[in-house]
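Take a look at the structure below.
Numbers here simply count residues along the sequence, with the first being 1.
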Amino acid sequence: MKGLVINLFLFLAVPCFAQIKIDKAGDGWDLKVDSAIQLIKKVDIDKYKMLDTNCSQVSFMISPYSSCELENGKGHIYIAVADLKLNSINNIAVVLVHESLHLYIAKKGIEMIPEKEETFCYMYELSFIKNLENPEPWLIEHAVNNIKK
């Protein structure tokens, strides 16, 4: 009985995270997104928690830009096919980090001028990129250029 109580206590003490549903599409795109999520978890646990708390599903769309929306209180990230075709797990991770902050802002009902919100998300993204071991230079350049806009 004592062992059962200890095991129950340990189970309840471990933070439980929701499973993010990743749609199956393309040529192993779901596996690339899963790899990107694991990279985020490894590189920056706080940004992983932000993603896990605010995103319930990841899908793919034909668009030049990735996006997100809040549907019935659940965060949904849409990764642009263009982002997937860059063939960079780092880039997919950066997209997830960026969009998860947009979802957080939407969930909290924080009202911001769209340009300011975008700048804030790019700054958040850049702080993640700086934690990557070997980020592609164009990732940094893209974030910095969008912060300057």
For residues Leu84 and Asp27, determine if any side-chain heavy atom of one lies less than 4.5 Å from a side-chain heavy atom of the other.
no

Counting C-beta onward and ignoring hydrogens, is there a side-chain heavy-atom pair between Lys47 and Tyr124 closer than 4.5 Å?
yes

More than 12 heavy atoms of other residues, nucleotides or ligands under 6.0 Å from CD1 of Ile62: is that the case?
no

Is the backbone N or O of Ile40 less than 3.5 Å from a side-chain atom of Asp44, with the two atoms forming a donor-acceptor pair by type?
no

Do Asp23 and Val33 come close enough that some side-chain heavy atom pair is under 4.5 Å?
no

Do Thr53 and Tyr104 have side-chain heavy atoms sitting under 4.5 Å apart?
no

Is it the case that atom NZ in Lys42 sees more than 12 heavy atoms from other parts of the structure closer than 6.0 Å?
no

Apply the side-chain contact (heavy atoms from CB on, under 4.5 Å) test between Phe128 and each candidate in Asp46, Leu139, Val97, Leu101; give the one that qualifies.
Val97

Please name the pair of heavy atoms, one in Ser127 and one in Asn131, separated by the smallest distance, quoted to 0.1 Å.
O-ND2, 3.4 Å

Inter-residue atom distance Asp30.CG - Ser35.OG, 0.5 Å rounding
9.5 Å

Heavy-atom closest contact (Pro135 atom, Ile140 atom, distance)
CG-CD1, 4.1 Å

Same apolar cluster (I L V M F W Y, side chains within < 4.5 Å links), Val144/Val95:
yes

Under 3.5 Å: donor-acceptor pair, side chain of Asp52, backbone of Tyr48
no

Note: Ala36 and Ala93 closest approach over all heavy atoms is CB-N, 3.6 Å

Would you give the length of the straight line joining atom CE of Met123 to atom CD1 of Ile147, rounded to the nearest 0.5 angstrom?
6.0 Å

Is a side-chain donor-acceptor pair under 3.5 Å present for Glu69 with Tyr78?
yes

How about Trp29 and Ile92: do any of their side-chain heavy atoms sit closer than 4.5 Å?
no

Do Glu71 and Ser56 have side chains that approach each other closer than 4.5 Å (heavy atoms only, starting at C-beta)?
no

Smallest separation among heavy atoms of Ile77 and Ser100, with atom names:
CD1-N, 4.1 Å

Hydrophobic cluster identity match, Met112 and Tyr122, side-chain contacts under 4.5 Å
yes

Checking Glu99 against Asn54 for the side chain to side chain contact (heavy atoms under 4.5 Å, CB included) test, could you report, in this order, the C-alpha distance in whole Å, the side-chain angles of both residues, the deciding distance, and whether it holds?
CA-CA 10 Å; Glu99 297 301 333; Asn54 293 292; over 6 Å; no

May I ask whether Leu103 and Ile45 are part of the same hydrophobic cluster, defined by side-chain heavy atoms of I, L, V, M, F, W, Y residues being less than 4.5 angstrom apart, directly or through others?
yes

Working to the nearest 0.5 Å, report the span between SG of Cys121 and NE2 of His102.
3.5 Å

In Å and rounded to the nearest 0.5 Å, what is the NE2 to SG distance from His76 to Cys55?
7.5 Å

Within a strict 4.5 Å, meaning less than it, do heavy atoms of the Asp83 and Val94 side chains meet?
no

Report yes if the side chains of Ile79 and Leu96 come closer than 4.5 Å at any heavy-atom pair, otherwise no.
yes

Would you find a donor on one side and an acceptor on the other, under 3.5 Å apart, between the side chain of Ser66 and the backbone of Ala80?
yes

When you check the side-chain N and O atoms of Glu118 and His98, is any donor under 3.5 Å from an acceptor?
yes

Under a 3.5 Å cutoff, is there a donor and acceptor pairing between the side chains of Glu136 and Asn90?
yes

To the nearest 0.5 Å, what is the distance between CG (Leu39) and CD (Glu133)?
9.0 Å

How far apart are the closest heavy atoms of Pro64 and Ala82, and which atoms are they?
O-CB, 4.3 Å

To the closest 0.5 Å, what do you measure between CG (Leu31) and CD1 (Ile89)?
9.0 Å

